[in-house]
Amino acid sequence: MELEEKPKYGEPKKYDPNFKGPIQNRGCTDIVCCILFIIAILGYIAVGILAWSQGDPRKVIYPTDSQGQFCGQAGTPLANKPLLFYFNIMKCASPMVLLEFQCPTTQMCVEKCPETFMTLVKAYSNKKDFDHYKTFCKEGVSDTMGIPKILSLGLCPAMLIPSKPFTRRCFPALGKTGGVVTVGNNSHFDDGRGNMRDAKDLVDGVKNATVVIEARQAVMKIFEDYTQSWYWILIGLVIAMLTSLLFIVLLRFLAGIMVWVMVVMVILVIGYGIFHCYMEYAALKGEAGANVTFQELGFQTDFTIYLQIRQTWLAFMIILAIVEVIIILLLIFLRKRILIAIALIKEASRAIGHVMSSLFYPLFTFLLLAMVIAYWAVTAVFLSTSNEPIYKVFNETECDHSRKTCEPANYSTSAEKVQCPDSECLFAFYGGETAYHKYLIGLQFYNVFLFFWCANFVTALGQMTLAGAFASYYWAVVKPDDMPAFPVFSSLGRSLRYHTGTLAFGSLILSIIQIIRVFLEYLDHKLKGAQNKFTKFLLCCMKCCFWCLEKCIKFINRNAYIMVAIYGKNFCSSAKDAFLLLMRNMIRVAILDKVTDFLLFLGKLLIVGLVGIFAFFFFSGRVKAFENTAPNLHYYWVPILTVAVGSYLIAHGFFSVYAMCVDTLFLCFLEDLERNDGSPERPYLMPESLRKVLNKKNKAEPAE
């Protein structure tokens with residue numbers, strides 16, 4: 001007897017007269033993973049407590065002098081000295097050295113940075129000047145010591161250079177006049193030893209100093225722009241939120257019309273963008289310097305310069321034109337599937353209308369994610385600041401003990417000081433040799449891993465909660481009578497009570513992949529410059545593969561959580577059932593579900609486009625009605641980009657509920673087609689609008 005061949009993608013769902021939606025009588029799933037997750041959380045709390053007991057955030061907040069004391073810390077003798085001053089800034093190899101506290105010169109806390117040129121020789125001859133000069137010297141300097149002794153003991157710098165505070169450190173006030181590097185408006189300075197030197201020597205001593213200054217100026221201008229426009233940015237984000245809510249409400253009652261209006265509006269908005277870019281491109285024709293290329297211009301911290309060249313607007317125009325063509329072609333080829341997608345969106349609108357609290361659930365998810373991010377950030381700061389101060393030997397001449405660890409308390413009488421008389425024992429950085437410090441990198445890794453795990457767990461909880469609420473709507477024979485009184489709260493309770501282990505299991509798999517991706521990025525960064533072409537190619541392939549794997553796991557997890565919310569099975573069984581169900585309906589999944597996602601993406605794009613255009617005309621002052629209202633800004637693109645990004649995140653928050661609703665209804669819809677056949681005994685539960693589009697009919701219904 002020939003055995004019957006099993007279906008390739010599993011048996012279709014059988015009709016079950018007792019199935020009424022999400023199963024209420026269910027048991028706990030993936031208990032082992034639940035226990036593992038609880039242990040990991042307890043360990044995470046222990047790491048946090050350990051970090052908080054050992055760490056000292058003051059090491060990040062306050063700069064540290066050569067004695068390891070914090071500048072500007074309240075309640076200490078240095079409370080009124082918040083800035084760090086370097087005796088000889090030219091000994092620093094680069095600005096990054098200043099930020100890492102490893103510059104081989106004496107560093108001390110001062111009340112303010114030097115404002116004028118002054119040498120020790122010149123100041124010593126005038127009591128008033130020397131009294132001022134001594135504020136930048138170590139304690140114990142007197143008028144009777146003599147210049148040679150002061151310099152030999154390293155009590156004072158040989159000169160003072162006009163400086164400005166940057167990250168609480170005194171940095172030379174470099175500038176450019178007529179293409180010549182200047183410091184304090186002078187192109188030359190006395191180095192304190194009778195030698196006149198060019199100001200550009202400071203640039204040589206502090207590499208990339210001009211770039212740092214330009215970056216500092218750009219950052220300060222951006223900060224000023226935010227202080228001037230923050231309330232207008234908030235207004236823009238409120239408008240984005242109200243617009244998103246309006247779209248959700250309109251989709252509830254006018255889903256079909258709104259989808260086509262949305263499509264047409266997106267095409268028009270992008271079309272206007274192309275037209276505006278062309279007008280700007282044409283207006284710059286013949287303007288001086290407008291034909292400069294990006295390669296000739298190079299990197300500029302003042303981004304408004306790029307808007308003054310034609311190539312920028314040409315690039316914008318080409319990008320928008322490509323996006324426009326792609327959208328139009330997709331709409332032409334998918335026009336029939338769009339009708340089914342509209343029916344799904346209509347049903348999603350009805351579902352959300354019956355489960356209105358689902359629109360506010362993203363706020364709960366956002367609150368939990370904010371707590372996870374805050375805990376990770378605070379723990380990371382405390383871990384990174386739990387090292388002890390390390391002191392090293394610094395000297396100007398050759399010395400066998402150079403860069404070796406030393407003790408500042410008794411260094412003046414040590415053998416190292418005898419062998420190297422001009423050496424000093426200065427604070428270098430924070431580190432340690434204890435068992436705790438040896439495993440510090442492991443604790444940081446654990447902190448990052450648990451951050452990914454907890455963040456993915458919170459996201460998964462939101463997906464399962466919404467899936468359970470919307471599934472209870474779909475499978476209700478009489479809506480809303482057969483639905484729970486509070487669908488979202490009921491689903492949230494089921495998810496936490498029975499499926500914490502399943503949520504932990506799915507999020508653990510995703511977190512492992514994400515931490516591998518982080519490690520690959522870290523490895524690529526460490527091997528930069530030292531890797532050959534094969535290694536570079538291999539790393540690139542691995543990063544690409546794990547990126548694709550992460551996307552696949554997210555898709556599988558999302559659908560597995562929907563099946564768990566409905567049937568209450570464990571993660572592996574639910575993932576298998578969801579995968580087989582989707583594979584049995586591969587064409588519908590590949591086209592219909594993705595078309596719906598595409599339409600929802602167009603909705604987000606439209607909100608960002610509308611709010612972005614409004615922000616552009618307001619902040620750029622292109623409309624006369626807003627000229628007196630708009631704030632005066634250095635870079636008007638700063639609030640525009642902020643509003644655009646914020647609008648997208650707000651729209652994504654609202655539309656993510658729609659996306660989850662559509663995905664849940666889509667899986668229920670596929671199961672409905674397998675479970676039922678439209679007969680009076682097994683009627684379809686899908687709405688009439690969806691049955692018409694699919695040419696399905698309940699046989700109890702009269703023929704048209």
Sequence neighbours left out, cut at 3.5 Å: what donor-acceptor pairs do the side chains of residues 455-467 make with other protein atoms?
| residue | atom | partner | partner atom | Å |
| --- | --- | --- | --- | --- |
| Asn456 | ND2 | Phe452 | O | 3.0 |
| Asn456 | ND2 | Ser511 | OG | 3.0 |
| Asn456 | ND2 | Gln514 | OE1 | 2.8 |
| Thr459 | OG1 | Ala455 | O | 3.0 |
| Thr465 | OG1 | Leu461 | O | 2.7 |

Partners of Arg494 by salt bridge (charged side-chain N to carboxylate O under 4.0 Å, His left out), sequence neighbours excluded?
none
So, are Glu550 and Lys554 salt-bridged, with charged N and O less than 4.0 Å apart?
yes
According to the interplanar angle, ranging from 0 to 90°, do the rings of Phe669 and Phe666 count as parallel (below 30°), tilted (30 to 60°) or perpendicular (above 60°)?
tilted
Quick check for you: to the nearest 0.5 Å, what is the distance between Tyr561 atom OH and Ser495 atom OG?
11.0 Å
Does Phe364 have its ring centroid less than 6.0 Å away from the ring centroid of Tyr361?
yes
For the rings on Tyr44 and Tyr375, is their centre-to-centre separation under 6.0 Å?
yes
Would the distance check show the side chain of Ser573 and the main-chain N or O of Lys569 forming a donor-acceptor pair, the cut-off being under 3.5 Å?
no
Under the 3.5 angstrom rule, does the side chain of Ser53 hit a backbone N or O of Leu50 as a donor-acceptor pair?
yes
Closest non-hydrogen atom pair, Cys28 against Ile31:
CB-CG1, 4.1 Å
Give a yes or no on this: more than 12 heavy atoms of other residues, nucleotides or ligands lie within 6.0 Å of atom NE2 of His652.
no
Distance SG-SG for Cys109, Cys71 less than 2.5 Å:
yes
Not counting sequence neighbours, which residues clear side-chain hydrogen bond (donor to acceptor under 3.5 Å, both in side chains) with Asp30? List them please.
Thr502
Within the side chain of Ser491, is there an N or O that forms a donor-acceptor pair under 3.5 Å with the backbone of Val488?
no
Heavy-atom neighbours of Lys576 NZ exceed 12 at 6.0 Å
no
Would one find more than 12 heavy atoms of other residues, nucleotides or ligands at under 6.0 Å from atom OH of Tyr231?
yes
